[in-house]
Amino acid sequence: GIQVEQSPPDLILQEGANSTLRCNFSDSVNNLQWFHQNPWGQLINLFYIPSGTKQNGRLSATTVATERYSLLYISSSQTTDSGVYFCAVTTGGSQGNLIFGKGTKLSVKP
Amino acid sequence: DGGITQSPKYLFRKEGQNVTLSCEQNLNHDAMYWYRQDPGQGLRLIYYSQIVNDFQKGDIAEGYSVSREKKESFPLTVTSAQKNPTAFYLCASSGRAAGANTEAFFGQGTRLTVV
């Protein structure tokens, strides 16, 4: 089946810094989502982005489907950005089921 | 508010006991899913349902059972056959796989501990 790889696995930033998280996938996808898992475990939807670029405040995402990767940009990071960021995809064979990467754990220090 | 509600938030299970986790959605979504998350890991699919009265096994279905009698509800039973049930369980819903928008949304999760 499809492989979803996220990098880096861990990231430590000083408050105010910018960062880029990457998601590579091994096959073509129908859809791609980015999530933020907060300290209480809830998955917060960040972007639904099978292709193209979207922005929401300090966060933006780009998916280049033909090259099989997606990037999540966080600018002017804040301590509340800490948590785990997951990339998840659906494929033609997954029947709508999300296939998750292992996540990037982000720690933003004050 | 529209969304997905999971209950309870915390659940303790004794050895040999079956427990049922509730998941309700009012998003009018056809598809619903159950995932399991172990510490420091990603999410793995347990069961999914694309339509009422139909469901399929995911990657780690052994020791679990589900039902889908109503569009809004997709309860998960963790049976005594599940040897290592301690984990964080997340329920999700989305539009149909063949639909135009299949963005998935998650509930707040149930943390299950075997005592």
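Just so it is clear: chains get the letters A, B, ... in the order the sequence lines come, proteins before strands, and each one is counted from 1. Worth knowing before you read on, the calculation uses all heavy atoms, side chains too, and leaves out hydrogens, waters and symmetry mates.
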For this session: Select one option (side chain, backbone, both, neither) describing which atoms of Phe88(B) are under 4.5 Å from chain A's heavy atoms.
Result: side chain

For this session: Can you tell which part of Gln6(A) gets under 4.5 Å to a heavy atom of chain B, answering side chain, backbone, both or neither?
Result: neither

Problem set entry | Atom group of Arg44(B) that falls short of 4.5 Å from chain A, counting heavy atoms | neither

Exercise. Do we see a donor-acceptor contact under 3.5 Å between the side chains of Gln6(B) and Glu24(B)?
Worked result: no

Exercise. Between Phe35(A) and Phe106(B), does the ring centroid distance fall short of 6.0 Å?
Worked result: yes

For this session: Take the angle between the ring planes of Tyr47(B) and Phe55(B) and call it parallel below 30°, perpendicular above 60°, tilted in between.
Result: perpendicular

Exercise. Distance-only, no hydrogens or angles: does the Gln55(A) side chain make a donor-acceptor pair with backbone N or O of Gly57(A) under 3.5 Å?
Worked result: yes

For this session: Examine whether an atom of Asn45(A) lies under 4.5 Å from a heavy atom of chain B, and if so say whether it belongs to the side chain, the backbone or both; otherwise answer neither.
Result: side chain

Problem set entry | Electrostatic pair Asp54(B)-Arg68(B), nearest N-O below 4.0 angstrom | no

Problem set entry | Part of Leu43(B) within contact of chain A (heavy atom distance under 4.5 Å) | both

